[in-house]
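Remarks on the structure that follows.
Computed from heavy atoms alone, side chains included, the values below leave out hydrogens, waters and symmetry copies.
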Amino acid sequence: MDLNLKTPLSEIKGIPPRFIKRLEKLKVFTIKDLLWHFPSRYEDFSEMVPIAQLEPGQQATVRGIVRDIKIRHSFRRRFVIVEGRIADESGEIKAVWFNQPYLLNTLRPGRAANFSGKVSSGENEIYLSHPAYELVTRGKTEMNHTGRLVPVYPETRGLTSKGIRFLIQPILKSVGYIPEWLPEEVVGPAGLPEINSALRDIHFPETEESALSAQKRFSFEDLFLLQLMNIRQKLKLAEEKAPAVKTDVEKLKKITETLPFKLTLSQKKSLWEIVQDIGKPKPMNRLLQGDVGSGKTVVAAVAALLAAENGLQSAFMAPTEILARQHFLTLKKIFVGIPLEKQPEVGLLTSKDAKVFYENDLEGAVSKKEFKNKIESGVIKVIVGTHALIQKDITFKNLGLVIVDEQHRFGVRQRAQLVHGKKIFPHLLSMSATPIPRTLMLTIFGDLDISIITELPSGRKPIITKIVAPANRGKAYQFIREQIRKGRQAFVICPRIEPADAKDEKTGEARNYSQKLALWEVKSVKEEYEKLSKDVFPDLRVGMLHGQLKSKEKEKIMSAFARASADKKDGIDVLVSTSVIEVGVDIPNATIMLIEGADRFGLAQLYQFRGRVGRGGHQSFCFLFTDSAAKTTNERLKAITEAKNGFELAEKDLKLRGPGEFIGQKQTGLPDVAMRGLQDFELIKLSHEAALEVLKKDKNLKNHPLLAEKLAEFEKKIHQE
């Protein structure tokens, strides 16, 4: 049969059904999927060494004759050991395999084969430990598993890299010519190999250079498509119309001077960039980036205020109800202090509440029906809520600005939903406290213009961060007690809700023994709450917060924690919590963040936790607890104690964990090879310049039909919006 990239593997004769099922576990269904199932690394077995010259620790290939092969059982017959003697003209060596009794039929005495692997040393002799082998037959010149750079693939149970190589090699030869879809003006200047040779070299490279060149080609492909997608998105948005928010410098100066706090230089710069953008009749698409507590909400609030002064509405969306309420409180605080002819009404809409804040510091609850009518009539100018604001039964009269917190992928489609088919698009301001490295800014978020707040508000002190050894736990508890006696408060964060012997929190199923064993050291909120409230701090007010609590209970607990310094009876001194406090909690009186099992959280998440303290004028502290002695764990945790700001930390996190872990591979849909490309700043720059050059000459890609088709497929796969 004629093979092409769309041919299902199930239709190819010779591939056993059991292989098909195993390949499906790897999301490999067609010839295209298989050929684009790229190696994760290579083993260098290219050096052919005479047996007499082998040395312990060496990775090498020998070509020899099987002298004899036998099988023996280990102690108590738990597994079988296959031992063979391999000989060449220079000498003889033993080879050892475990649990592969079938080798007696394959490697019969007298057969010639290549053996590639590590040379180990045993009792007075060296031997090949579990070597890969490949029979040498008359006329066979090409080796796939030995005597070369050997590709190692992502595997699944019952399907090894050798099996994958066995499938790929004949298919690669049989599939027809694959048309080159990258434009000629891109391939040459970028120094990329043509697609057919790149595909051959990524699977069976002759040299390390050819493997690297092929990897560069496929990394570039996806980065190039991503750049094209972002630039076209930007161009498309620039063609839409948006309401121009007019203001003058004097009015802006008057507003900023009457804010409850003085803006930092980078806050002023970011605000000015936003003001210039929203003053144009085309939609703004900007990301406001800044450390936790750097004052992003204040900048966004001023933008919303200017929109209201122009008779426009603003939708202020947050990922959680806790954060939505926090933003509502912040906006009230800011708007009350600004002298305006008419203070705009601010509304809060959550699954439980509908509140309106009027001028003269008045606030009242209204029915949801009345609230929605107020939005539709344009009475409420600033509407705060979760993504529930994107509902068909909510209609804005004249939406001019959308502010989205910690949700960068809110794009054109969602904005269209908010304005329900109107031809005017609102401006978009995304806010994020998750530090994003410059490489990711240029690619994943390349369709956004970026403003960065680099300083903390005046009066804030840097948070002292320490890694605490288990032996110093008692000292840390004593320090917390002393801080609380001074009137301060503390967070204690745990990785889990339930102890290890309870049911799985996601599935509800009972855990087996091995799962319990893996989790028994991991601190849980419920256990830690019991221990701290009864044994460690029996004289203090300890509270507990986690995701399984109902919204009203969470709100009640957070309110008690927020008023602890004023309310000596019902307040909370120490709050034991899961990561639900990661965003949206602003307790200026909290000065201690103690994180149990700190090694189980990502650096960006630890950074968010730490940002929950240090929000007042008092010196704050962050204690990182870990029982892990691993060098990599301490290296990661040390990074957070040394980083001067979130951006420096993000760069370190990217190097330590890679972009797949950093941003979540599933969120982007990018394959491993493109993920590795996200760490190569020069390649990103190259792909960006190439995309700009192509679109400059051919905005709609009419002269590049194969590229247009490829881009459409890519956009479907990525689902970034």
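Here F371 pairs with nothing under the ring-ring contact (aromatic ring centres under 6.0 Å, His included) rule; sequence neighbours left out. Contacts of D449 classified as salt bridge (Lys or Arg N to Asp or Glu O under 4.0 Å), with partners at least two apart in sequence or in another chain: K234. Residues satisfying the salt bridge (Lys or Arg N to Asp or Glu O under 4.0 Å) test with R325, not counting sequence neighbours, are E321, D353, E555. Remark: T247 engages no residue in a side chain to side chain donor-acceptor pair (under 3.5 Å) (not counting sequence neighbours). A search for side chain to side chain donor-acceptor pair (under 3.5 Å) contacts involving N398 returns nothing, not counting sequence neighbours. The side chain to side chain donor-acceptor pair (under 3.5 Å) test applied to Q267 returns T264, not counting sequence neighbours. For E239, the salt bridge (Lys or Arg N to Asp or Glu O under 4.0 Å) test picks out K699, with sequence neighbours left out. For the side chain to side chain donor-acceptor pair (under 3.5 Å) test, no residue two or more places apart in sequence or in another chain qualifies with H546. Partners of K333 by salt bridge (Lys or Arg N to Asp or Glu O under 4.0 Å), not counting sequence neighbours: none found.
Between the NZ atom in K716 and the CG atom in L711 there is a gap of 12.0 Å [rounded to 0.5 Å]. The distance from atom CG of L695 to atom CG of N700, rounded to the nearest 0.5 Å, is 9.0 Å. Taking CZ from R232 and CG from L237, the interatomic distance works out to 14.0 Å, rounded to the nearest 0.5 Å. Atom CG in D573 sits 11.5 Å away from atom CZ in R488 (nearest 0.5 Å). Interatomic distance, S559 OG to K554 NZ, rounded to the nearest 0.5 Å: 13.5 Å. The line from CD1 of I453 to CG of L288 is 4.5 Å long, rounded to the nearest 0.5 Å.
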Review point. Given K355 and V346, is the side-chain contact (heavy atoms from CB on, under 4.5 Å) satisfied, shown in steps?
Key: CA-CA 8 Å; K355 294 179 184 175; V346 182; over 6 Å; no

Review point. Are V379 and V356 close enough, and set up right, to give a side-chain contact (heavy atoms from CB on, under 4.5 Å), and what steps lead you there?
Key: CA-CA 10 Å; V379 172; V356 181; over 6 Å; no

Practice item. Determine, step by step, whether I595 and C622 satisfy the side-chain contact (heavy atoms from CB on, under 4.5 Å) criterion, reporting the C-alpha distance in whole Å, the side-chain angles of both residues, the deciding distance to 0.1 Å, and the verdict. Key: CA-CA 8 Å; I595 304 169; C622 178; 4.1 Å; yes

Point to revise | Audit row: S430, R286, side-chain hydrogen bond (donor to acceptor under 3.5 Å, both in side chains) steps and yes/no | key: CA-CA 6 Å; S430 293; R286 187 168 285 277; over 6 Å; no

Exercise for review: Decide side-chain contact (heavy atoms from CB on, under 4.5 Å) for L252 and L306; before the verdict, give the C-alpha distance in whole Å, the side-chain angles of both, and the deciding distance to 0.1 Å.
Suggested key: CA-CA 8 Å; L252 187 62; L306 294 173; 4.0 Å; yes

Exercise for review: Show the numbers, then the answer: is there a side-chain hydrogen bond (donor to acceptor under 3.5 Å, both in side chains) between Q489 and N589?
Suggested key: CA-CA 6 Å; Q489 292 164 274; N589 194 50; 2.9 Å; yes

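Without hydrogens or angle criteria, Q313 side chain to I375 main chain gives a donor-acceptor distance under 3.5 Å. Checked by atom type and distance alone, the side chain of Q276 never pairs as donor or acceptor with a backbone atom of L271 at under 3.5 Å. Looking only at distances, a side-chain donor or acceptor of S620 sits under 3.5 Å from a matching main-chain atom of G614. Under a 3.5 Å cut-off, the side chain of K368 and the backbone N or O of S351 do form a donor-acceptor pair. Without hydrogens or angle criteria, K296 side chain to G290 main chain gives a donor-acceptor distance under 3.5 Å. Although no hydrogens or angles enter the test, the distance criterion places a donor-acceptor pair under 3.5 Å between the side chain of D248 and the main chain of E250. Put simply, the side chain of R610 gets close to the backbone of I640: a donor and an acceptor are under 3.5 Å apart. Proximity of a side-chain donor or acceptor of E257 to a complementary backbone N or O of K254 within less than 3.5 Å is not detected. For the pair H427 (side chain) and P243 (backbone), a donor-acceptor distance under 3.5 Å is present.
For residues 259-269, the salt bridge (charged side-chain N to carboxylate O under 4.0 Å, His left out) pairs, not counting sequence neighbours, are K269-E273. Screening residues 285-326 for ring-ring contact (aromatic ring centres under 6.0 Å, His included), with sequence neighbours left out, gives F316-H327. Applying the ring-ring contact (aromatic ring centres under 6.0 Å, His included) test to every pair with at least one member in residues 277-315, sequence neighbours left out, gives no pairs at all.
Here the shortest heavy-atom pairing between L223 and S687 reads CB-OG, 3.7 Å. The nearest pair of heavy atoms linking P283 to P426 is CB-O, 4.0 Å. The two residues G311 and K381 come nearest to each other via the heavy atoms O-NZ, 4.0 Å. Across all their heavy atoms, P319 and D405 have their closest contact at CD-O, 3.3 Å. Minimum heavy-atom separation, A354 to L349: CB-CD1, 4.2 Å. Looking at every heavy atom in both residues, A244 comes nearest to G279 through CB-O, 3.4 Å.
When side chains are defined from C-beta on, M593 counts as touching I493, because their heavy atoms get closer than 4.5 Å. Side-chain contact check for I255 versus L305: some heavy-atom pair is nearer than 4.5 Å. L287 has its side chain within reach of S432: a pair of non-hydrogen atoms, C-beta onward, lies under 4.5 Å apart. For the pair E553/K550, a side-chain contact is recorded, criterion being any heavy-atom separation below 4.5 Å from C-beta on. Under the 4.5 Å side-chain criterion, counting only non-hydrogen atoms from C-beta, M431 is not in contact with V404. Side-chain contact between H688 and N230 is absent, with no heavy atoms from C-beta onward closer than 4.5 Å. Between E370 and K374 there is a side-chain heavy-atom pair separated by less than 4.5 Å. With a 4.5 Å cut-off on side-chain heavy atoms, F357 and V382 do not count as touching.
In this structure, F491 has its ring center under 6.0 Å from that of F561.
Heavy atoms from other residues, nucleotides or ligands lying under 6.0 Å from NZ of K397 number 12 at most.
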